[in-house]
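Step one of this worksheet: look at the structure below.
Any value given below was found using the heavy atoms of this structure, including those in side chains, with hydrogens, waters and symmetry copies removed. Chain A is the first sequence line, chain B the second, and so forth, proteins listed ahead of strands; every chain is numbered from 1.
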2 protein chains.
Amino acid sequence: MRQEEDEFGNYLKKQGLKFTPERVVVLDKVLSFKKHFNADDLYESIHKYNKKISRATVYRTIPLLVESGLIIETLRCQGRVSYERVIGFEHHDHMVCLGCGKIIEFKDDRLEELQAEICERYEFKQVEHRLGIRGYCKECVAKGLGKG
Amino acid sequence: MRQEEDEFGNYLKKQGLKFTPERVVVLDKVLSFKKHFNADDLYESIHKYNKKISRATVYRTIPLLVESGLIIETLRCQGRVSYERVIGFEHHDHMVCLGCGKIIEFKDDRLEELQAEICERYEFKQVEHRLGIRGYCKECVAKGLGKG
DNA sequence: GGCATAATTGAGAATGAATATCAATCACAA
DNA sequence: TTGTGATTGATATTCATTCTCAATTATGCC
């Protein structure tokens, strides 16, 4: 059993919740994603090989995964919330293009350091953070979008 | 006419859009908010004294205000998106305490500069950004929350 | 001022992600 | 093994947001 299954199982037990096969299926699929996913991505990719897991179960499992710390909410795009894994992937931030919807991932150590410093100043114990920059990508600017 | 009306008017003109009385009403109400608001807050408070402005117009005007730089999307709670004014209020970011729900607002110029620099590197035209740090505040840490 | 025209509007319908309902089923502690 | 409360799938529902469309209007041009 993977470490993440242990973690999730422990979390559920601590909350008096059950570690069901359906939740394992959802967790395993989540662990297979290397990029962002939304609830529907998750449901569809599970549904391809497992017709038994319902959309409701997927939607119900997501907040549990967030609370257990295995995934975080990242972006909101076109009315949908995206999630991504926390453990096993490097943290990065996002730029979302308002023109074409493209997502650019970036990472900057100075940004991380600065945030850590700010948290220290406020005596705030950081668990996670989310930085989303919205605007227009190079290509969309070239097309004349986002002027002004 | 307020500076913000000029700004919004100029933005609209530049985009070939019209500066209608309805948009002025929405803008003026937005300017009256001192804290975050969501689309429904905005519609309801306009509707109290102006029954002519439709919900659709309010929803249609919000993205224009975002693109013009007068407001930004801030937080998403309970499935609703919140906005807040940019001009006239200093931009700030948020720390959200997972223990007590407290929201701490902070501002750091170096953070802003760094973001501008990163956008430049990617030739990305920033419209707005949102940084949310989640964790535990001083008081909650003292209470023993957020260990591990 | 008046005209042309494309943008905008209100009202209501439509969309669709997310949540709730509920009877049947199941995990898990004792 | 059993009791019990959590969970499930299927489906209905919710409700914020977006779309539709005919009527209206802002704005540039003469």
How close or far is atom [atom2] of [N] from atom [atom1] of [X], stated in whole angstroms?
X: B/Gln15; N: C/dA6; atom1: CD; atom2: P; result: 18 Å
X: A/Phe8; N: D/dT7; atom1: CZ; atom2: C1'; result: 13 Å
X: B/Phe19; N: C/dT9; atom1: CZ; atom2: P; result: 12 Å
X: A/Ile62; N: D/dT7; atom1: CD1; atom2: P; result: 16 Å
X: A/Glu22; N: D/dA6; atom1: CD; atom2: C1'; result: 12 Å
X: B/Leu17; N: C/dT5; atom1: CG; atom2: C1'; result: 15 Å
X: A/Arg55; N: D/dT11; atom1: CZ; atom2: C1'; result: 13 Å
X: A/Leu64; N: C/dA18; atom1: CG; atom2: C1'; result: 15 Å

Taking OP1 and OP2 of D/dT8, is either one under 4.0 Å from a side-chain nitrogen or oxygen of A/Thr20?
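For A/Thr20, the contact criterion (side-chain N or O under 4.0 Å from OP1 or OP2 of D/dT8) is met.
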
With a cut-off of less than 4.0 Å, is there a side-chain N or O of A/Tyr59 near OP1 or OP2 of C/dT19?
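Result: no.
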
Any idea which heavy atoms bring [X] and [Y] closest together, and the distance?
X: B/His129; Y: A/Leu131; answer: CD2-CD1, 4.1 Å
X: B/Glu105; Y: A/Tyr122; answer: O-OH, 4.0 Å
X: B/His47; Y: B/Ile53; answer: ND1-O, 4.3 Å

Is the distance between the ring centroids of B/His36 and B/His94 under 6.0 Å?
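Yes; B/His36 has its ring centre under 6.0 Å from that of B/His94.
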
Which residues satisfy the salt bridge (Lys or Arg N to Asp or Glu O under 4.0 Å) test with A/Arg110, sequence neighbours excluded?
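For A/Arg110, the residues satisfying salt bridge (Lys or Arg N to Asp or Glu O under 4.0 Å) (neighbours in sequence not counted) are A/Asp108, B/Glu117.
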
When you match B/Asn38 and A/Val58 each to their closest nucleotide on DNA chain D, which lands nearer the 5' end?
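The answer here is A/Val58.
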
Starting at the 5' end of DNA chain D, which residue's closest nucleotide do you reach first, B/Asp40 or A/Ile53?
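It is A/Ile53, whose closest nucleotide lies nearer the 5' terminus.
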
Looking across every strand, which nucleic acid part, if any, lies under 4.0 Å from A/Arg60 by heavy atom: base, sugar-phosphate, or nothing?
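The residue A/Arg60 makes base contact.
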
Among the candidates [options], find the nucleotide nearest to the side-chain atoms of [X].
X: B/Lys18; options: D/dG5, C/dT9, C/dA7; value: C/dA7
X: B/Ala56; options: D/dT17, D/dT27, C/dG12; value: C/dG12
X: B/Arg23; options: D/dT8, C/dT9, D/dC19; value: C/dT9

Does B/Leu12 or A/Lys13 map to a spot on DNA chain C nearer the 5' end, using the closest nucleotide for each?
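Its nearest nucleotide being more 5', the pick is B/Leu12.
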
